[in-house]
Every structure is written in structure tokens, then in C-alpha cells.
Amino acid sequence: PSVTSISVVVASTTATITWVTNKATTSGLQWGLGTITNNTVPEDSVFTTNHQITLTGLDPSTGYSYRLLGRDQLGNAVSNARRAFRTTDP
């Protein structure tokens with residue numbers, strides 16, 4: 001499965017990541033400060049093409065990286081690269 005679109009809406013302490021896949025997959029996320037993605041939002045068990053995860057408790061004016069996770073019903077992983085966002089000033 002591939003990701004066909006991604007959008008990120010950021011505030012000072014939250015980020016909502018929304019994406020669309022070309023096949024129904026689960027939704028999960030690896031994320032972290034700077035270029036390190038050492039935190040995980042575990043994949044759920046819902047197969048869909050429209051995905052959304054909100055991260056809370058983030059630091060203002062800080063850069064974060066993330067990588068989307070997910071698998072289709074055959075176990076094939078979602079193909080995507082690491083991306084980044086920056087939270088806003090408080």
C-alpha cells in the first residue's frame with residue numbers, strides 16, 4: 001500500500017497528522033524529537049483508507065519527525081519516508 005496524501009495541522013503543543021492510502025490499512029505512527037522516531041502510536045486494528053492521529057503534550061517551537069505505520073489485510077506494510085513538522089510558538 002502507498003500513501004497518496006499527507007497533511008499536518010500543528011499548534012504549540014499538538015499535531016494532527018492525516019493521511020490517505022490507496023488500499024485499506026491499519027493506522028500507526030513512529031515519532032520523536034528532531035530526526036529520532038523513538039516513540040510509537042501502536043497500529044490499530046481498523047482497516048481504512050482515511051487515517052488520522054493526534055499527538056498531544058508536544059513542546060512549543062520544536063521540530064519533530066514522524067513515519068507512518070500500517071499494514072493491509074495481507075500484511076503488506078505501508079511504504080513511506082520519514083517526514084518532519086515544527087510546532088508553533090506558544
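Because the structure is predicted, anything quoted here is derived from the model rather than measured.
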Quiz item: To the nearest 0.5 Å, what is the distance between OG (Ser2) and CG (Asn76)?
Solution: 11.5 Å

Self-check item: Under 3.5 Å: donor-acceptor pair, side chain of Thr4, backbone of Val20
Solution: yes

Using a 4.5 Å cut-off on heavy atoms from C-beta on, say whether the side chain of [Y] contacts that of [X].
X	Y	value
Val46	Ser27	no
Thr14	Thr16	no
Arg86	Thr62	no
Arg71	Thr26	yes
Thr87	Ser12	no

Practice problem: Please report the closest heavy-atom contact between Lys23 and Thr49, naming both atoms and the distance. | Solution: C-CG2, 3.7 Å

Quiz prompt | Nearest atoms (heavy-atom pairs only) where Thr25 meets Gly70 | solution = CB-C, 4.5 Å

Quiz prompt | Residues which pass side chain to side chain contact (heavy atoms under 4.5 Å, CB included) with Pro90, listed by chain and number, not counting sequence neighbours | solution = Pro60, Ser61

Quiz item: Apart from Leu74 itself, what residues make up its hydrophobic cluster when side-chain heavy atoms of I, L, V, M, F, W and Y under 4.5 Å apart count as a link, directly or indirectly?
Solution: none

Quiz item: By the rule that ILVMFWY residues connect when side-chain heavy atoms come within less than 4.5 angstrom, directly or transitively, which residues belong alongside Tyr66?
Solution: Val3, Ile6, Val8, Val10, Ile17, Trp19, Leu29, Trp31, Leu33, Val41, Ile53, Leu55, Leu58, Tyr64, Leu68, Val78, Phe85

Quiz item: side-chain contact (heavy atoms from CB on, under 4.5 Å) between Gln30 and Asn39: does it pass, once the steps are laid out?
Solution: CA-CA 6 Å; Gln30 290 178 324; Asn39 300 298; over 6 Å; no

Exercise. Determine whether the side chains of His51 and Thr21 contain a donor N or O and an acceptor N or O closer than 3.5 Å.
Key: yes

Quiz item: Between Arg82 and Ser65, does any side-chain donor sit less than 3.5 Å from a side-chain acceptor?
Solution: yes

